[in-house]
Amino acid sequence: MNKNEAMRILSTIRYPGYSKTLTDFKIVKSIEIKDNIIEVLLNLGAADSNKRQIIFDEIKAKFEEKGAKAKISTVQEKGSTIEQKHYVQSAKKRIAILSAKGGVGKSTFSVALTIALKKRGHSVGIFDADMHGPDVPRMLGVSERAGTNEEKNKIIPNEKDGIFSMSLGYVVDPETPVIWKGAMVTKAIVELLQFTDWPEMDFFIIDLPPGTGDAALTIKQNMDVDGAVIVTTPNRLAIADAMRTVGFFEQVGVKITGFVENMGYFVCNKCGGKSYPFGKTDPKYIEGLLRVPSLGVIPFDPKVEEAADDGNLMSVIDTEFFNIMDSIAEKIEKI
Ligand SMILES: Nc1ncnc2c1ncn2[C@@H]1O[C@H](COP(=O)(O)OP(=O)(O)OP(=O)(O)O)[C@@H](O)[C@H]1O
Ligand SMILES: [Mg+2]
């Protein structure tokens, strides 16, 4: 085996939890070949021991298949391509909710998905990563300030109906307007993730602010994101923006699980007929454009809007809206 061949093999090995490979992340620093032994030097940055082991095992197995032995060593370089942190490991799966545009229903969807997963028997938590307009507390109907555990130097997440949550809204005075700049947003998110005493959870839902700004990158760099759902409305402009968002997140190594069309249709509460305020689109057509699967089309329901505003989404659990949320939660379970 020569160096090129060895590099080609390494380029097929994915970094655990990402769609990108060891070579995409420029982790392979050098390769030396002596007889049948391939010496690989890796810069694994902040990768934890679990991830290191997975990478080592995979490299060894791949080279063994070709009749060669791997000898792996590592260096830690400062400012490496991947300074990945791994907060909220107490959750089995971390799912980010994204959108290109504001006001398409991310927060409503995030809270409703958390409720739907809980109803399906999972332990859940939700993190409000929107520092400019933290909406999760209002939608959950939680207004208490977060407690602290002085001994552990940790913030205690709020809990209501078995749903754990953390938001900037729990730690700063909601009456005080704060002008957040990029670096402050990053710092606030990292501190909330790092210092919250999260319990064991099956699913951890992250409600992101719209777009591909600091908050999105910070989340990606500070936890292993297992899945991501794009929320869009079915109008053309929103879909065009969603296409750019998919591209951005895939580029930074976040695998998009699928998209949902929120407010896809409206059901008349008198005649039961459906109308399509944004025009009727075919999810298959959008799948073709975004190249990610449709997870569902969610109706606009004025009762949902009212309940979200009152912090009482549980009161509309018997609606078509929540039936569809349940089928989406079922797909999320498979991540
Ligand atoms: N399916 C729905 N049926 C009825 N009302 C909805 C639905 N989805 C969202 N809404 C309402 O639309 C408004 C905007 O939703 P939401 O705050 O969830 O959007 P967002 O994408 O999180 O916004 P932002 O970008 O500001 O964070 C809210 O008043 C919410 O209650
Ligand atoms: Mg929001």
Side-chain angles (χ1 to χ4, degrees), residues 95-116 126-142 163 165-170 174 177-178 180 185 188-189 192 205-216 218-219 228-235 237-239 241-242 244-245 249 259-269 274-281 283 294-329:
I95 319 283
I97 312 301
L98 340 158
S99 79
K101 286 187 157 324
V104 294
K106 270 179 312 307
S107 301
T108 311
F109 176 78
S110 302
V111 174
L113 178 64
T114 312
I115 293 173
I126 178 167
F127 179 67
D128 185 354
D130 195 338
M131 300 294 132
H132 294 92
D135 284 329
V136 168
R138 180 175 51 83
M139 290 187 185
L140 285 172
V142 178
I163 293 170
S165 59
M166 181 47 74
S167 166
L168 187 75
Y170 298 157
V178 188
W180 294 92
V185 170
I189 291 179
L192 283 183
I205 306 297
I206 305 126
D207 177 24
L208 279 167
T212 52
D214 296 303
T218 306
I219 289 295
V229 179
I230 295 226
V231 181
T232 183
T233 45
N235 52 318
L237 215 61
I239 295 164
D241 283 334
R244 279 191 287 277
T245 313
F249 280 96
F259 69 94
V260 294
E261 289 168 71
N262 187 28
M263 309 193 241
Y265 59 95
F266 179 79
V267 185
C268 172
N269 55 9
K274 287 184 182 178
S275 57
Y276 299 85
F278 290 111
K280 193 166 183 220
T281 45
S294 165
L295 301 176
V297 182
I298 302 167
F300 175 84
D301 182 343
K303 287 198 290 298
V304 168
E305 155 132 67
E306 206 174 303
D309 208 38
D310 290 345
N312 192 16
L313 275 170
M314 291 275 189
S315 68
V316 289
I317 204 85
D318 293 324
T319 49
E320 177 162 333
F321 173 93
F322 262 108
N323 266 344
I324 290 165
M325 286 308 306
D326 182 63
S327 71
I328 295 170

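First listed ligand is number 1; within each ligand, the first listed atom is number 1.
- Taking every heavy atom of G102 and a limit of under 4.0 angstrom, the matching atoms of ligand 1 come to 25 (O).
- At least one N or O atom of E305 sits closer than 3.5 Å to an N or O atom of ligand 1.
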Inset, instruction - Dump the intermediate steps for side chain to side chain contact (heavy atoms under 4.5 Å, CB included) on I298 and I328, then the final yes or no. - result: CA-CA 10 Å; I298 302 167; I328 295 170; 3.9 Å; yes
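- Judged by distance alone, the side chain of D135 and the main-chain N or O of S107 form no donor-acceptor pair under 3.5 Å.
- When non-hydrogen atoms are compared, ligand 1 lies under 4.0 Å from neither the backbone nor the side chain of D309.
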Inset, instruction - Please assess L140 against V111 for the test side chain to side chain contact (heavy atoms under 4.5 Å, CB included), listing each intermediate value before the final yes or no. - result: CA-CA 7 Å; L140 285 172; V111 174; 3.8 Å; yes
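- By the 3.5 Å distance cut-off applied to N or O atoms, I298 is not counted among the residues near ligand 1.
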Legend entry - Working for side chain to side chain contact (heavy atoms under 4.5 Å, CB included), residues V316 and F321: CA-CA 8 Å; V316 289; F321 173 93; 5.6 Å; no
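- Within the listing of ligand 1, atoms 1 (N) sit less than 4.0 angstrom from a heavy atom of F321.
- Of all heavy-atom pairs spanning F278 and P234, the tightest one is CD1-CD, 3.6 Å.
- Comparing N262, D207, T232, L313 by heavy-atom distance to atom 8 (N) of ligand 1, the nearest is N262.
- Of all heavy-atom pairs between S165 and Y170, the closest is OG-OH, 2.6 Å.
- Side-chain contact check for I115 versus M314: some heavy-atom pair is nearer than 4.5 Å.
- The distance from ligand 1 to the heavy atoms of P299 drops below 4.0 Å at these ligand atoms: 1 (N), 2 (C), 3 (N).
- In terms of protein heavy-atom proximity, atom 30 (C) of ligand 1 is nearest to T108 OG1, 3.4 Å.
- Nearest protein neighbour of atom 19 (O) of ligand 1, counting heavy atoms only, is G105 N, 3.0 Å.
- The atoms of ligand 1 that sit less than 4.0 Å from any heavy atom of D301 are 3 (N), 4 (C).
- The closest heavy-atom contact to atom 23 (O) of ligand 1, among the options G264, G103, S99, comes from G103.
- Near D130, with a cut-off below 4.0 Å to any heavy atom, the atoms of ligand 1 are 27 (O).
- With a heavy-atom cut-off of 4.0 Å, V231 does not touch ligand 1 at all.
- Contacts with ligand 1 closer than 4.0 Å are made by side-chain heavy atoms of P210 only, the backbone lying farther away.
- On a distance-only criterion, K106 and ligand 1 share at least one N/O pair closer than 3.5 Å.
- For ligand 1 and M139, the ligand atoms under 4.0 Å from any heavy atom of the residue are 17 (O), 18 (O).
- Between M131 and L192, some side-chain heavy-atom pair lies under the 4.5 Å cut-off.
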Inset, instruction - Assess whether side chain to side chain contact (heavy atoms under 4.5 Å, CB included) is satisfied between E305 and F300, documenting all intermediate values. - result: CA-CA 8 Å; E305 155 132 67; F300 175 84; 4.1 Å; yes
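- Looking only at distances, no side-chain donor or acceptor of N262 sits under 3.5 Å from a matching main-chain atom of V231.
- Here is the list of ligand 1 atoms found below 4.0 Å of a heavy atom in S107: 18 (O), 20 (P), 22 (O).
- Residue contacts to the Mg ion (ligand 2): S107 brings an N, O or S atom closer than 2.8 Å.
- The nearest pair of heavy atoms linking I189 to A129 is CD1-O, 3.8 Å.
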